[in-house]
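These notes are about the structure you will find just below.
Order of the sequence lines fixes the chain letters, A, B, ..., with proteins taken first and strands second; residue numbering starts at 1 for each chain. Keep in mind the model is a prediction, meaning the values are calculated, not measured.
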Amino acid sequence: MPEIIVCLKQIFDLGQIRVDTSTKCPLTEGVARKLSDFDKNALEEALRIKEKHSGKVIAIIYGTKDAAKEALAMGADEAFIYQYTEEIDHLGIAAILAGSIQQLKYDLILCGEASIDEYSFQTGPRLAQVLGIPVLTYARKIELNDGEIIVERELENRYEVSKTKLPALVTVTKEINQPRIPTLLQILGASKKSITEMSPMKQEVGVKILSILAVEMKRKEVIVKEIDELAKVILSEK
Amino acid sequence: MILIFSDDNETALEILGKGREIADSMKIELGAISFGNEETIFASGADKIYSINIASSSDHIVEVISNLNDQYKPEIILIGGTKLGKEVAPRIAQRSGVGCATDCIDCSIEKGHLIVKRFVLGGRFLETLRLLRKPLIATLLPGKFIKKVDKTRNGEIIKIPYNPVESKVHILEVKKKAPQELKIEEADIIISVGRGLKKKEDIKLIESLAQALGGAVGCSRSIAADLKWLPEERWVGLSGHKVKPKLYIAIGISGQVQHIAGIRDAKTIIAINNDPNAPIFKACDYGIVGDLYEIVPKLTEKLKKQV
Ligand SMILES: Cc1cc2nc3c(=O)[nH]c(=O)nc-3n(C[C@H](O)[C@H](O)[C@H](O)COP(=O)(O)OP(=O)(O)OC[C@H]3O[C@@H](n4cnc5c(N)ncnc54)[C@H](O)[C@@H]3O)c2cc1C
C-alpha cells in the first residue's frame with residue numbers, strides 16, 4: 001500500500017494582482033490565495049493512485065491552514081504546513097521539504113512541474129536530488145505496479161515512457177488529470193483531519209531578488225473597420 | 001570559465017553567443033560540453049570543447065556537469081532551457097548548494113555578479129535576480145539569444161573519460177511527436193485560434209488563412225488542452241509555447257494574461273474578435289471587431305489574390 005507525499009504551494013490568485021502605478025511593483029495586499037494549479041494536479045493524481053491501490057496521502061504545504069483545509073477536503077489524509085517569513089529560494093525550500101520528508105515513510109513523492117507564480121521548475125528536481133531518489137519530470141500519465149512506477153513524460157518533440165523503482169519523485173503536468181472539486185460534505189469532514197504546523201530552521205539562500213516590476217506592454221491598439229484595411233495591414237506587416 | 005550545455009544544438013549555439021559576450025567582459029574562457037559539430041561550436045564562440053558522449057539520460061548529464069564543475073570550477077554554468085535543461089540545472093545547483101534561475105530572458109554581469117531576468121506572476125512582471133555563489137547557474141530561454149558565427153575562430157578539444165553512471169531510470173519507449181507538428185517557436189507568421197471557433201472542422205478556415213500567408217497555425221490553451229482539436233505543439237501561452245513571430249493573428253481568442261504571456265515578443269499582433277470588450281483589443285496592434293466566420297474567409301480570399 002503506497003504512502004504518497006504531495007508537495008504543494010499556496011500562491012496568490014494571479015488574476016487579482018494589481019500594479020502600483022508609481023513603483024510598478026505588484027500589489028498583493030488583500031489578494032486571495034489558492035493552491036498552485038499543477039500542485040493540485042499532483043494531489044489529484046495521488047488520490048487516484050490511493051483509490052486504486054489504497055494507501056495514504058500526505059500533503060506538505062508551503063502556506064496557511066486554509067491551504068491545508070483545501071488539500072484535506074480534496075482527500076489528503078493528513079497535512080503538514082510551514083510558513084517562512086525570511087528570504088527563501090528553491091535551495092532552502094528543497095532543504096525544508098527534504099528535512100520533513102526524511103522523517104516520514106514514503107514510496108512516492110508527487111509535485112507539480114512548476115508553481116504558476118514563479119514557473120521555475122526547480123522544487124521537484126532539487127528535492128529528489130537531496131533525497132537521492134530517482135526523478136521523472138513532466139508526467140502526463142502514471143502507473144504504479146509492484147514497487148515500480150511507469151511514467152509517460154512529455155518532452156518537446158517526444159513522449160518518453162520511463163520506468164523506475166520506488167521510492168521516486170514525479171512532477172506532473174496539468175494534462176495528467178482534472179483536479180476534483182470537494183463537496184460540502186468533504187469540506188466539513190476535512191476539519192477532523194490532522195494539520196501539523198512545522199517550524200523550519202533558517203535556510204541559506206542562493207539567489208537574491210533585486211526587483212519584480214510590471215512589464216510595460218505598448219501595443220498600438222488600432223481598431224480597423226474594413227476587411228480591406230485589415231488585409232493591407234497584414235501585407236505590410238508580414 | 002563559463003561552461004555551456006544544452007541537449008538541443010540550436011539552443012546551445014544561441015547560448016554560446018551570450019556566453020561569448022560575458023566571457024569577453026570578464027576576460028575568462030568559454031567552454032562548451034560537446035554537442036554535435038565541433039567546428040560550429042568553435043565558430044559560435046567556444047574556446048574549449050569538453051568532448052564526451054552525453055547520453056540523453058538526465059542522471060548522466062547531472063553527473064557529467066557536476067564532475068566538470070568539481071574539476072574545473074567554472075564561474076558560470078549556462079544551460080539551455082529545454083525541458084531537460086530545466087530538470088538538470090536545479091539538480092546540479094542543489095548538489096553544489098547554490099541557487100539557480102530558470103527560463104532567463106537576459107543575463108549580464110554587473111560588478112562581477114551574474115544578474116538575470118525572468119518573467120513571473122503570469123508573465124505580467126519581470127523579476128531581476130542576482131546569483132550569489134559560484135557556480136552561478138542559469139538556464140536560458142531557447143530562441144531568445146542570437147548566435148554569432150565567426151568561422152575563423154578555433155579552440156582546444158578536451159576529451160573527458162566516459163564513465164557511464166547507472167541511471168536509475170529506464171526508458172522503455174520513445175514516441176516521436178508527429179512531423180506535421182512543426183516547432184511553432186520558429187514560425188515567422190502565426191495564425192492562432194481560440195474558443196471563438198465553434199467546431200473542430202472549422203479549423204480548415206484558419207488553415208486556409210495560414211496557407212495564404214505561409215504561416216503556422218497556433219491556438220489557445222482551450223483548443224489544445226480542453227478540446228484537443230490541435231496538438232499541444234500548437235498551444236501558445238505561458239504554459240504552452242512562447243513565440244516570437246513577425247506577425248501574430250489571434251482569431252476568437254479573448255486575450256487572457258496567460259495567453260498574452262506567450263506572445264510578448266511578437267512584433268505585430270492582430271486580433272479578430274466579435275466582442276469589442278475582449279481584452280485582446282488592449283493587447284494588440286490592430287484589431288477588427290466582427291464574426292470570424294465572416295471575416296476569415298473574406299480575408300483569405302483577398303490575401304490569396306495579393307500575396
Ligand atoms: C496556470 C494557467 C496557465 C494557463 N496557460 C495558458 C496558456 O499557456 N495559453 C492559453 O492560451 N491559455 C492559458 N491559460 C488559460 C487562459 O486563462 C484562458 O482560459 C484561455 O487562454 C482562453 O482561451 P480562449 O481565448 O481560446 O477562450 P475564451 O476566453 O473563451 O475566448 C473566446 C473568444 O472568442 C470570441 N468569439 C466567440 N465567438 C466568436 C466569433 N464567432 N468570432 C470572433 N470571435 C468570437 C469571444 O468573444 C472570446 O473573446 C492558462 C490558465 C491558467 C490558470
_Walk me through whether B/L213 and A/K238 qualify under side chain to side chain contact (heavy atoms under 4.5 Å, CB included)._
CA-CA 8 Å; B/L213 285 168; A/K238 81 185 266 284; 3.7 Å; yes

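- Your options are B/A283, B/G290, B/G123, and the one with the most heavy-atom pairs under 4.5 Å with chain A is B/A283.
- Proximity to chain A (any heavy atom under 4.5 Å) is shown, for B/T139, by neither the backbone nor the side chain.
- Contact check for A/E154 versus B/E232: side-chain heavy atoms found under the 4.5 Å cut-off.
- In this structure, A/K34 places its NZ atom where more than 12 heavy-atom neighbours from other residues, nucleotides or ligands lie under 6.0 Å away.
- Panel note: side chain B/T128, backbone A/L210; no donor-acceptor pair is recorded below 3.5 Å.
- Neither the backbone nor the side chain of B/A261 comes within less than 4.5 Å of any heavy atom of chain A.
- Closest approach of B/K168 to A/G132, counting heavy atoms only: NZ-O, 3.1 Å.
- Heavy atoms closer than 4.5 Å to chain B are found in the side chain of A/Y138, but not in its backbone.
- In this structure, no portion of A/Q178 lies under 4.5 Å from any heavy atom of chain B.
- Side chain of B/R95 to main chain of A/V130: no donor-acceptor pair is present (N/O by atom type, distance under 3.5 Å, no hydrogens or angles).
- Across all their heavy atoms, B/D103 and A/Y119 have their closest contact at OD2-O, 4.2 Å.
- With a 4.5 angstrom heavy-atom cutoff, A/E229 does not touch chain B via any of its atoms.
- Taking chain A as the reference chain and counting heavy-atom pairs below 4.5 Å, the highest number among B/L129, B/I295, B/L247 is found for B/L129.
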*List the steps and the verdict of salt bridge (charged side-chain N to carboxylate O under 4.0 Å, His left out) for A/E237 and B/K267.*
CA-CA 9 Å; A/E237 296 292 330; B/K267 191 169 152 281; 3.7 Å; yes

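- Ion pairing between a basic and an acidic side chain is recognised when a charged N comes within 4.0 Å of a carboxylate O; A/E156 and B/K83 show no such pairing.
- A/Q122 touches chain B through backbone and side chain together, each having a heavy atom under 4.5 Å away.
- Tested against A/E160 for a side chain to side chain contact (heavy atoms under 4.5 Å, CB included), the candidates B/V169, B/L172, B/V174 yield a single pass: B/V174.
- In terms of modelled atom types and a separation under 3.5 Å, the side chain of B/T102 and the main chain of A/S120 share a donor-acceptor contact.
- Each of B/R264, B/Q256, B/H113, B/K298 has some count of heavy-atom pairs under 4.5 Å with chain A, and the biggest count is that of B/R264.
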*asked:* side chain to side chain contact (heavy atoms under 4.5 Å, CB included), that's the test. Do B/L132 and A/V205 meet it? Break it down for me.
replied: CA-CA 8 Å; B/L132 297 177; A/V205 291; 3.9 Å; yes

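- Listed by sequence position, B/I270, B/I272 are the residues of residues 270-280 of chain B in contact with chain A, using a 4.5 angstrom heavy-atom cutoff.
- A/K24 touches chain B through its backbone: at least one of N, CA, C or O sits under 4.5 Å from a heavy atom, while the side chain does not.
- For the pair B/L121/A/I212, a side-chain contact is recorded, criterion being any heavy-atom separation below 4.5 Å from C-beta on.
- Contacts between A/V151 and chain B at a heavy-atom distance below 4.5 Å are absent for every atom of the residue.
- With B/I288 as the fixed residue, the side chain to side chain contact (heavy atoms under 4.5 Å, CB included) test singles out one of A/I223, A/L230, A/V222: A/L230.
- Expressed to the nearest 0.5 Å, how far OG of A/S211 lies from NZ of B/K117 amounts to 6.0 Å.
- In this structure, the separation between CZ on B/F281 and CD on A/E221 is 11.0 Å, given to the nearest 0.5 Å.
- The closest donor-acceptor contact from the side chain of B/K176 to the backbone of A/Y159 lies at 3.5 Å or more, if one exists at all.
- A 4.5 Å side-chain heavy-atom check between A/I234 and B/I249 finds at least one atom pair inside the cut-off.
- The candidate with the highest count of non-hydrogen atom pairs below 4.5 Å against chain A, out of B/G122, B/C100, B/A89, B/G97, is B/C100.
- Here the CG-CD distance, from A/D117 to B/E127, works out to 9.5 Å after rounding to the nearest 0.5 Å.
- Heavy-atom minimum distance, A/V215 versus B/F125: CG2-C, 3.6 Å.
- Note that OG1 of A/T171 and CD of B/E87 are 7.5 Å apart. Values are rounded to the nearest 0.5 Å.
- At a 4.5 Å heavy-atom cutoff, B/I137 makes no contact with chain A through either its backbone or its side chain.
- Listed options B/G81, B/S239, B/A93, B/G215 were ranked by heavy-atom pairs under 4.5 angstrom with chain A; first place goes to B/S239.
- The contact between B/I260 and chain A is made entirely by side chain atoms (from C-beta outward), counting heavy-atom distances below 4.5 Å.
- Note that OG1 of B/T82 and CG of A/L155 are 8.5 Å apart. Values are rounded to the nearest 0.5 Å.
- Rounded to the nearest 0.5 angstrom, B/K175 NZ and A/N157 CG are separated by 14.0 Å.
- With a 4.5 angstrom heavy-atom cutoff, B/I189 touches chain A only via side-chain atoms.
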_Using the rule given for side chain to side chain contact (heavy atoms under 4.5 Å, CB included), can you reason through B/R91 versus A/V135, listing the C-alpha separation, both sets of side-chain angles and the distance that settles it, and then say yes or no?_
CA-CA 10 Å; B/R91 291 177 63 186; A/V135 55; 3.6 Å; yes

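- For chain A, no part of B/I92 is nearby; none of its heavy atoms comes within less than 4.5 Å.
- Using modelled atom types, no side-chain atom of B/D285 and backbone atom of A/R219 make a donor-acceptor pair closer than 3.5 Å.
- Between B/K302 and A/E226 no salt bridge is recorded (no basic side-chain N to carboxylate O distance below 4.0 Å).
- For a residue to count as touching a neighbouring chain, one of its non-hydrogen atoms must lie under 4.5 Å from one of that chain's; by this rule A/I116 touches chain B with the backbone only.
- When the candidates B/V88, B/D59, B/L131 are compared by the number of heavy-atom contacts under 4.5 Å with chain A, B/L131 comes out ahead.
- We find that A/E113 and B/K86 are not joined by a salt bridge, their nearest charged nitrogen and carboxylate oxygen being 4.0 Å or further apart.
- At least one side-chain heavy atom of A/L235 sits under 4.5 Å from a side-chain heavy atom of B/L303.
- No side-chain heavy atom of A/V161 sits under 4.5 Å from any side-chain heavy atom of B/I171.
- Residue contact with chain B, scored on non-hydrogen atoms closer than 4.5 Å, is absent for A/I11.
- Shown here for A/L91 and B/V98, the closest heavy-atom pair between the two residues is CD1-O, 3.8 Å.
- Interface remark: A/I133 contributes backbone atoms only to the contact with chain B (heavy atom separation under 4.5 Å).
- Counting only heavy atoms from C-beta outward, the side chains of A/K220 and B/Y286 approach each other to under 4.5 Å.
- Under a 3.5 Å cut-off, the side chain of B/R124 and the backbone N or O of A/L14 do form a donor-acceptor pair.
- Here the side chain of B/R118 pairs a donor or acceptor atom with the backbone of A/E118 at under 3.5 angstrom.
- No side-chain heavy atom of A/K163 sits less than 4.5 Å from a side-chain heavy atom of B/E173.
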